[in-house]
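Just below is one structure, and these are the notes that go with it.
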Amino acid sequence: MKKTLLAMVLLAVSGVTLAADDAVVRLGTEGAYPPWNFLNDAGEVDGFERELGDELCKRAGLTCEWVTNDWDSIIPNLVSGNYDVIMAGMSITAERDEVIDFTQNYSQPDPSSYMAMSADVDLADAVVAAQSNTIQAAFVAEQGWTLVEFATPEETIAAVKNGEADAVLADQSFVKPIADEDADLMLLEREELIGGGVGLGIRESDGELREKLDAAIASVKADGTLNELITKWEVGATF
Amino acid sequence: MFAYCADPDTLSGFKWLSCYLTTGKHFGFYWSFLTVLTLLAVTAPAALALGFLGARAARSRHFALRGLGKTYIAIVRGVPDIVFFMFFVIALDQGFEWIRHQWLCPNWTEAIRQGNDFRVCPSAKLPLGNSPQWIHEVYGFFLAVITFAIVFGAFAANVLFGAMTAVPKAQLETAAAYGMSRKQTFWRILVPQMWVYAVPGLSNLWMILIKATPLLFLLGVEDIVYWARELGGSKQAKFTAYPHGDWRLWYFLVLLVFYLSFTKLSEWVLSRLMVRLRRGQATVGGSA
């Protein structure tokens, strides 16, 4: 009797661990910020972070799934448990670190550039667009310049094109491909070095997952895989 | 989609467009129309039912029930929609998970609230962490229906409350004189006659509901406005086989046509309904 009971308990426990091993790690991203993350023609998440994220999950032995979420509510939805990781080109900042935890950075601090319709924009006098809740928006506000915020990166570009704003401040990796292909837009010479590199955002109570992914990032850094991806997608300097 | 779409750069005109409009992304857009229509089809009756209950409660003779009905109407009508959609839904989701947690994991020792984090045991998660993405989407949709039903239910309750009061007293007194019980009077006299007063107000709510669907994206449900913005945004050749500039205007024009024709159709149906309801009823507009 005791033995059967013990066997049943063991079975139940092993069943539980099995279920835990099966667990899917859900990666939340914005899906609107090329080359970091965007939706490709098939409607799937694609980009630097897609490739890197899949590689990290493989190395950490995790089954991962991608979900898209609005940028503005990306942190509240993480802490309430709708997904487990934020991988959305999110710079590591002290402010965000109070609410969530970050892994080590998987990109070098990417300089932020101004993109405008003409090269002689006087920033102190200009209207500068930025995406809300970004380091760039915080930076423009700190300078005391006129800031207009938009919910999506696309709208910040459109604001410059239709004259609502004189310049947009965003990660160089995001604005450069746009300026390259659009004859009307150009990058200003001035650049800002803000932010401390991009990391994965994880719930503060999820220490185990953070360690696993941290180790995976260290491993892609060590064998050069990360540098290859950074060069391929042009998201800043290599390590 | 089509065989000739392998290399879109070489195509032009209609052929290019036929490829462009049949990418996987565009099918996401087309599906979202169905999502929105389904949402409306499910939410409208649910909100009406909730409104009916609310109106009945607000008219109740029992003070506690009346207080409940009136509080529901007052609170929900007073809170901005966007606040409701940002916070209420997260609270609702966490409420469900909390109940499941108490039920399924009685031996769990860790705290559920750890700072900002909300952590229930894995088997209490809704939907389960390892369920496929479509279950997550259906669950999000379900939360959206509940939230829309609660918000619009409060407005509907207020409309129905007014409509119930608008039915001429004489009708109810006559029913009582014929010996009908309160319940009989309510179902046979009051309810059939109140609609003619309720429909104009309800039709307003319906129109607002049609246009409120972009709030869906706050819940992670990808609706037509989300897709229009995503597809219309400028695309660089580096990231797509179909580069284009800012085409949001065209996508939003499509939405405009959709919304306008849908409201037009609704107006037509509602006016027919109104004619039908007025028949034989003692109102100013109808035949006495």
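So you know, we letter chains A, B, ... as the sequences are listed, proteins then strands, and number each from 1.
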Taking a cut-off of under 4.5 angstrom between non-hydrogen atoms, the residues of residues 238-251 of chain B near chain A are B:K238, B:F239, B:T240, B:A241, B:Y242, B:D246, B:R248
Tightest non-hydrogen contact, residues B:D117 and A:V99, listed as OD1-O, 4.4 Å
Bottom line for A:R26: the part with an atom under 4.5 Å from chain B's heavy atoms is side chain
Correct closest heavy-atom pair for A:S205 and B:R119 would be OG-CD, 2.6 Å
Taking a cut-off of under 4.5 angstrom between non-hydrogen atoms, the residues of residues 86-97 of chain A near chain B are none
Applied to residues 107-137 of chain B, the disulfide (SG to SG under 2.5 Å) test, sequence neighbours excluded, yields B:C105-B:C121
The interface call for A:E65 against chain B, heavy-atom contacts under 4.5 Å, is side chain
When every non-hydrogen atom of B:Q94 is compared with those of A:S80, the smallest separation belongs to NE2-CB, 3.2 Å
So, the part of B:E137 with a heavy atom under 4.5 Å from chain A: the answer is neither
Cut-off 4.5 Å, heavy atoms of chain B, and the answer for A:D206 is both
Assert top hit (heavy-atom pairs under 4.5 Å, partner chain A, pool B:G24, B:P122, B:P127) equals B:G24
Filtered by a 4.5 Å non-hydrogen cutoff, the part of residues 32-51 of chain A contacting chain B is A:A32, A:P34, A:P35, A:F38, A:L39, A:N40, A:D41, A:A42, A:G43
Indicate yes or no: at least one non-hydrogen side-chain atom of B:D93 is less than 4.5 angstrom from one of A:N82.
-> yes
So, the part of B:Y20 with a heavy atom under 4.5 Å from chain A: the answer is neither
Residue from A:R203, A:K161, A:E204 scoring the most non-hydrogen pairs under 4.5 Å with chain B is A:R203
When rounded to the nearest 0.5 Å, the distance separating CD of B:Q236 from CD1 of A:I178 is 4.5 Å
Does a side chain donor of either A:E181 or B:S234 reach within less than 3.5 Å of an acceptor in the other side chain? no
State whether the number of non-hydrogen atoms from other residues, nucleotides or ligands found under 6.0 Å of B:F84 atom CZ is greater than 12. yes
